[in-house]
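A short write-up of the structure that comes next.
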Amino acid sequence: VFFYNIMFKILGRAGVWDLVDRFWEDMVADKVAATNITFSTLIDACGRAGKRQEALLWFQTMQERGLEPDQVTINTLINLHKRAGDLKAAELFFNGAWRTCATDVAASRPAQGKRSRDLVAYNTMIGMYGRAGDYIGASRMFADMMLAGVSPDFITFNTMIYICGCSGRREEAEALFKRMENKGAVADETTYNIMISIAGKEGDGAGALRYLEKMKAAGMEPDDVTFRTLICVISASGMVKETEQILAHVRELKFSLG
RNA sequence: CGUUUUUCGUAGG
């Protein structure tokens, strides 16, 4: 299985679907049992390529074999619909509707008792509302997860903070940033990168630099994304001197920013 | 060996 799973992932990303099919036939012929990992890999690969119907067919195959999807597979299916921009389908699967009808989403209905929603499932849903520009929907999901007793992690916060930035809610972004600590979520490089970019949207180059300092103070290494974001922000703010300093610093660190 | 978050670029449209 190990070998096949890895092959599916590689071939899927490369878009070599005829080989995917060939390996699948080999796998069946060799009587190697496909697992949840196999199917979630296949579903995800199809999803990345925009082949939603193909992905759902893999899911159907899985169910026909009597294999129950685990949480990762369910999350992969939710993400499949998210990628397709199909909020309704994602919500249905999030609500356990995949049990009633896997491939025909319109014919499926929520299964109240058998929902399984973990941290990643909530994070996926929040990100989906964010991408749809629905701040209200994202906040509601954020509240729901805590009511359900699922603790937000740094990805949850990063996503929420980013969404606040997109909708011009800098105050709330700052508040969430501060709230992370109390919730046991530790800010990472991405968190700081998002805060820097939010400051940039308001032309606040000085604020962006403050977050760079906080980042270093927290013992983190600014990465290539940090510098790309920062240079864009402070040069747009007309901070010529600071921009030159950062650029010089970047060269010392032998970063390649493209 | 599988799922969720940040910047920019390139190609396509």
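In this pair, A:Tyr122 and A:Phe94 present their aromatic rings perpendicular. The plane angle is above 60°, beyond the 30 to 60° band. Using the six-membered ring where Trp is involved, A:Phe8 and A:Trp24 have ring planes that are tilted, between 30° and 60° apart. Relative ring orientation between A:Phe59 and A:Phe93 is described as tilted, the plane-to-plane angle lying within the 30° to 60° band.
Nucleic acid contact for A:Asp224: none, since no nucleic acid atom lies under 4.0 Å from a heavy atom of the residue. The residue A:Arg117 sits apart from the nucleic acid: no heavy atom pair falls under 4.0 Å. Residue contacts shown for A:Arg48 are limited to sugar-phosphate atoms, with no base heavy atom under 4.0 Å away.
At a threshold of 4.5 Å between non-hydrogen side-chain atoms, the residues A:Thr38 and A:Tyr4 do not count as touching.
Contact annotation: A:Lys9 does not reach the phosphate of B:rC1 (side-chain N/O to OP1 or OP2, under 4.0 Å).
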Is there a ring pair (Phe, Tyr, Trp, His ring centres under 6.0 Å) between A:Tyr135 and A:Phe142 once you walk through the steps?
CA-CA 10 Å; A:Tyr135 164 81; A:Phe142 184 57; over 10 Å; no
Let me see the working for A:Gln71 and A:Asn75 under side chain to side chain donor-acceptor pair (under 3.5 Å), right down to the final yes or no.
CA-CA 6 Å; A:Gln71 187 63 53; A:Asn75 293 343; 2.9 Å; yes
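In this structure, A:Asp188 places its CG atom 13 Å from P of B:rU5, rounding to the nearest Å. Taking atom CG of residue A:Asp70 and atom C1' of nucleotide B:rU4, one finds them 15 Å apart after rounding to whole Å. Atom NZ of A:Lys201 is separated from atom C1' of B:rU6 by 10 Å (rounded to the nearest Å). Note: CD1 (A:Ile198) to C1' (B:rU6) measures 10 Å, nearest angstrom. As a whole-Å value, the separation of A:Met215 CE from B:rU7 C1' is 12 Å. Counting to the nearest Å, the C1' atom of B:rU7 and the CD1 atom of A:Ile234 are 14 Å from each other. Atom P of nucleotide B:rC1 and atom CG of A:Asn5 are separated by 11 Å, given to the nearest angstrom. At whole-Å resolution of the value, CG in A:Asp118 and C1' in B:rG2 are 13 Å apart.
A:Thr76 and A:Asn79 are not linked by any side-chain donor-acceptor pair at a separation below 3.5 angstrom, with hydrogens and angles left out of the test. Judged purely by distance below 3.5 Å, without hydrogens or angles, the side chains of A:Asp188 and A:Thr191 pair a donor atom with an acceptor atom.
Under the 4.0 Å criterion applied to side-chain N and carboxylate O atoms, A:Arg179 and A:Glu172 are not assigned as salt-bridge partners. A:Lys88 and A:Glu91 are joined by a salt bridge, as a carboxylate oxygen and a charged side-chain nitrogen come within less than 4.0 angstrom of each other.
Under a cut-off of 6.0 angstrom, the local environment of CD in A:Glu213 is crowded, with over 12 non-hydrogen atoms contributed by other residues, nucleotides or ligands. In A:Glu171, the CD atom is not crowded: 12 or fewer heavy atoms of neighbouring residues, nucleotides or ligands sit closer than 6.0 Å.
The hydrophobic cluster analysis finds A:Val186 isolated: no Ile, Leu, Val, Met, Phe, Trp or Tyr side chain comes under 4.5 Å of it, directly or through other members.
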What does the B/S/- profile of nucleotides 8-13 of chain B look like, 5' to 3', with a 4.0 Å heavy-atom cutoff to protein?
B-----
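Of the candidates B:rU7, B:rU5, B:rU3, the closest approach to any side-chain atom of A:Thr229 belongs to B:rU7.
If you check residues 71-97 of chain A against RNA chain B, the residues with a heavy atom closer than 4.0 Å are A:Val72, A:Thr73, A:Asn75, A:Thr76, A:Asn79, A:Lys82, listed by number. Contacts of residues 25-44 of chain A with RNA chain B (heavy atom under 4.0 Å): A:Asn36, A:Ile37, A:Ser40, A:Thr41, A:Asp44. Only A:Ile155, A:Asn158, A:Thr159, A:Tyr162, listed by number, bring a heavy atom of residues 152-184 of chain A to less than 4.0 angstrom from any atom of RNA chain B.
Residue pairs satisfying the salt bridge (Lys or Arg N to Asp or Glu O under 4.0 Å) criterion with at least one member in residues 102-114 of chain A, sequence neighbours excluded, are absent.
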